[in-house]
Engineer: 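Below is the structure I would like to discuss, written out as structure tokens.
Starting from 1, each residue takes its place in the sequence as its number. Any value given below was found using the heavy atoms of this structure, including those in side chains, with hydrogens, waters and symmetry copies removed.
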Amino acid sequence: MKVGLNFLPTVGPGEMPAERFYDEIIELSELADRLSFSHVKLVEHHFHEWGGYSPDPVALLSAIARRTTRVRLVTGAVTPAFTHPIKLAASLSVLDNLSHGRLDAGFGRAFLPSEFEAFEVDMADSRALLEENVEAVERLWTDEDFRWEGRFHRFGPLPAMLPRPAQRPRPPVFIAATTSPETFTWAASKGYHLMIIPVVASHEKLTGLLDLYRATRMEHGHSPDFRLHVSYHCYVAESRHEAVARAEEHYAAYRAKQLEAYGSWRGITSDQYQGYERMEQAARTTTVAGLMAADNIIVGGVAETAATIRRIGKLYPGAELSLQLRFGSVSHTEAMRAVRLLGERVLPELMEGV
């Protein structure tokens, strides 16, 4: 199983300035690159200390691109609803060239009401915006004399966009999907790859949605083979006792930031996001012990971590694992240690017998 790093910052100016955090993320990414991790992924969020230090994943991944040589750079995900497709296509194309063709372009709908309100975007339009703008970005990457007549944007005719992506005809496209069958079937119909977060839904539900996705891909003439990113929080240490104790402490700090962001759902319901108004309460009752019992977090010593990853590999055959090592109050020193333990001891153990 391929393993990479996933960054959703849970830090604010009261803890450290952004410039220091970015320096640390770049150092972690350099180490992951040297230790044969497969990718580095960054998600877009705004304003809240849950994700707010990553409002522009393309900019930060561009910096990482110039300090690494092998890892894939994954937008996991950018939000087309908040950026004009011409600007988004151009920024992603620059990143693909800076990384010499290492971009995996991931897109998502976003789900925090506070973000939609800030950008003056109607949440009811989120799915339509995702579908329209991802297609527009694709067309901008590949077409010439291009005219776009959409519901939300109209532009052109345009000459060939510059720069063109380094990858031809375009970088791989991933869609962030959670619990909506509509997202899985739309992504499948277009032949896009997937990014999922098992903690949001049960493994049983995701298995059914992935079966639907595969069937839909084949119905639309796409190969049944696809790439799947699966994201997990992870705390690995020399011993299980230390890992569990520290994971509980750090997850409590993570949960506090998460609850503040999820609080923007209070008093709001949406047909496009059914049940999301209950996320705050669900997060409030989530524990590391419960997550471990459900294989929805990776916590343990080296051997236990390897065993958990093997179980996840059986749940999601062929998946690429995205590990969030820097969460809550996890320090840079702890995260660097975790990357070394994973790269020097867990990954080699996983490769045995492959």
Side-chain angles (χ1 to χ4, degrees), residues 1-9 11 16 18-43 53-54 57-76 95-106 166-167 171-172 174 195 227 229-238 242-243 246 250 298-306 308-310 312-313 319-327 330-354:
M1 173 177 276
K2 294 180 179 179
V3 176
L5 299 184
N6 180 38
F7 294 112
L8 190 163
V11 63
M16 69 175 65
E19 60 184 295
R20 175 182 158 193
F21 177 77
Y22 298 147
D23 286 345
E24 292 177 355
I25 293 303
I26 291 170
E27 187 177 3
L28 283 164
S29 300
E30 288 180 291
L31 180 58
D33 189 61
R34 293 196 298 271
L35 292 177
S36 299
F37 284 70
S38 66
H39 64 270
V40 172
K41 179 189 295 183
L42 277 160
V43 65
Y53 266 14
S54 183
V58 175
L60 185 47
L61 286 170
S62 293
I64 293 169
R66 303 308 295 171
R67 301 278 287 272
T68 57
T69 60
R70 196 190 54 78
V71 288
R72 302 287 296 178
L73 290 312
V74 188
T75 56
L95 172 54
D96 197 40
N97 281 277
L98 284 171
S99 65
H100 299 282
R102 288 186 281 139
L103 169 64
D104 285 343
Q167 298 175 86
F174 288 75
M195 299 182 294
R227 292 174 63 194
H229 275 214
V230 187
S231 294
Y232 283 85
H233 288 81
C234 175
Y235 196 97
V236 56
E238 290 287 353
E242 179 191 357
R246 298 295 285 163
H250 296 313
I298 300 170
V299 176
V302 169
E304 187 174 10
T305 296
T308 304
I309 291 175
R310 287 194 185 97
I312 292 168
E320 301 175 51
L321 200 59
S322 296
L323 299 183
Q324 188 167 335
L325 303 177
R326 183 75 187 266
F327 62 90
V330 173
S331 69
H332 181 55
T333 299
E334 287 174 282
M336 289 287 285
R337 180 185 67 167
V339 171
R340 290 192 180 94
L341 285 171
L342 286 161
E344 295 173 355
R345 296 173 61 183
V346 175
L347 296 186
E349 183 173 335
L350 292 173
M351 291 300 296
E352 291 180 8
V354 175

Engineer: For V40 and T68, run side-chain contact (heavy atoms from CB on, under 4.5 Å): C-alpha distance rounded to whole Å, both residues' side-chain angles, the deciding distance at 0.1 Å, then the answer.
Structural biologist: CA-CA 10 Å; V40 172; T68 57; 6.0 Å; no
Engineer: Checking F7 against L60 for the side-chain contact (heavy atoms from CB on, under 4.5 Å) test, could you report, in this order, the C-alpha distance in whole Å, the side-chain angles of both residues, the deciding distance, and whether it holds?
Structural biologist: CA-CA 11 Å; F7 294 112; L60 185 47; over 6 Å; no
Engineer: Could you check if a side-chain atom of V330 sits within less than 4.5 angstrom of a side-chain atom of L325, using non-hydrogen atoms only?
Structural biologist: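 Answer no - side chains too far apart.
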Engineer: Can you name the residues that form a salt bridge (charged side-chain N to carboxylate O under 4.0 Å, His left out) with E27, not counting sequence neighbours?
Structural biologist: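 Partners of E27 under the salt bridge (charged side-chain N to carboxylate O under 4.0 Å, His left out) test: none.
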Engineer: Looking at every heavy atom in both L5 and A32, which two are closest together, and how far apart are they?
Structural biologist: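 Smallest heavy-atom distance, with atoms named: CD1-CB, 3.7 Å.
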Engineer: Treating Q167 as the side-chain partner and L103 as the backbone partner, does any N or O pair qualify as donor plus acceptor under 3.5 Å?
Structural biologist: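 Such a contact is found between Q167 side chain and L103 backbone.
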Engineer: Is the shortest side-chain heavy-atom distance between E349 and V346 below 4.5 Å?
Structural biologist: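 Side-chain contact under 4.5 Å: no.
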Engineer: Mind listing the closest non-hydrogen atom pair of G300 and E304 along with its distance?
Structural biologist: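 Looks like CA-OE1, 3.5 Å.
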Engineer: Tell me whether S54 contacts the main-chain N or O of L8 through its side chain, where contact means a donor paired with an acceptor under 3.5 Å.
Structural biologist: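 It does not hold such a pair.
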Engineer: For a 4.5 angstrom cut-off between non-hydrogen side-chain atoms, does M1 reach I309?
Structural biologist: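 The answer is yes; the side chains approach within 4.5 Å.
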Engineer: Provide the closest heavy-atom pair for S99 versus A65 in the form atom of the first, atom of the second, distance.
Structural biologist: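 Closest pair (atom of S99, atom of A65, distance): CB-CB, 3.8 Å.
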Engineer: Give a yes or no on whether the backbone of F37 and the side-chain of R70 come within a donor-acceptor separation of less than 3.5 Å.
Structural biologist: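 Answer holds: yes.
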Engineer: For Y232, what residues pass the ring-ring contact (aromatic ring centres under 6.0 Å, His included) criterion, not counting sequence neighbours?
Structural biologist: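 ring-ring contact (aromatic ring centres under 6.0 Å, His included) list for Y232, sorted by chain: empty.
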Engineer: Can you name the salt bridge (charged side-chain N to carboxylate O under 4.0 Å, His left out) partners of E242, sequence neighbours left out?
Structural biologist: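 Salt bridge (charged side-chain N to carboxylate O under 4.0 Å, His left out) check on E242 returns R337.
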Engineer: List the atom of Y53, the atom of P9, and the distance in Å for their closest heavy-atom pair.
Structural biologist: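 Between these two residues, the closest heavy atoms are CB-CB, 3.8 Å.
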Engineer: Against T75, only a single residue in D104, L61, L42 fulfils side chain to side chain contact (heavy atoms under 4.5 Å, CB included); can you say which?
Structural biologist: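 For T75, the side chain to side chain contact (heavy atoms under 4.5 Å, CB included) check succeeds only for L61.
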Engineer: Within the 4.5 Å heavy-atom criterion, are V236 and L323 side-chain neighbours or not?
Structural biologist: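 No, their side chains stay 4.5 Å or more apart.
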Engineer: Surrounding CZ of R67 (heavy atoms of other residues, nucleotides or ligands, distance under 6.0 Å), is the total greater than 12?
Structural biologist: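 No, not enclosed.
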Engineer: Sub-3.5 Å donor-acceptor pair from the side chain of R246 to the main-chain atoms of E334, do we have one?
Structural biologist: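 Flag not set: sc R246 to bb E334 has no pair under 3.5 Å.
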Engineer: Donor-acceptor pair, D33 side chain versus V71 backbone, under 3.5 Å?
Structural biologist: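 Yes.
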Engineer: Got a sec, which residues hit ring-ring contact (aromatic ring centres under 6.0 Å, His included) with Y22, two or more places apart in sequence or on another chain?
Structural biologist: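 So Y22 forms no ring-ring contact (aromatic ring centres under 6.0 Å, His included) with any residue.
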Engineer: Mark yes or no for whether R102, through its side chain, and N97, through its backbone, hold a donor-acceptor pair below 3.5 Å.
Structural biologist: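 A pair under 3.5 Å: no.
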Engineer: Could you tell me whether the side chain of S322 and the main chain of G4 form a donor-acceptor pair under 3.5 Å?
Structural biologist: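 Looks like no, no N/O pair under 3.5 Å.
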Engineer: Taking all atoms of both residues into account, what is the closest heavy-atom pair of P171 and D96, and its distance?
Structural biologist: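 Nearest pair, atom of P171 first, then D96: CG-OD2, 3.8 Å.
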Engineer: Can you name the residues that form a salt bridge (charged side-chain N to carboxylate O under 4.0 Å, His left out) with R20, not counting sequence neighbours?
Structural biologist: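 E24.
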Engineer: Check whether any side-chain heavy atom of L98 lies under 4.5 Å from a side-chain heavy atom of L73, and answer yes or no.
Structural biologist: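 Side-chain contact under 4.5 Å: no.
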Engineer: Go through the structure and list residues passing ring-ring contact (aromatic ring centres under 6.0 Å, His included) with F327, not counting sequence neighbours.
Structural biologist: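 F327 satisfies ring-ring contact (aromatic ring centres under 6.0 Å, His included) with H233 only.
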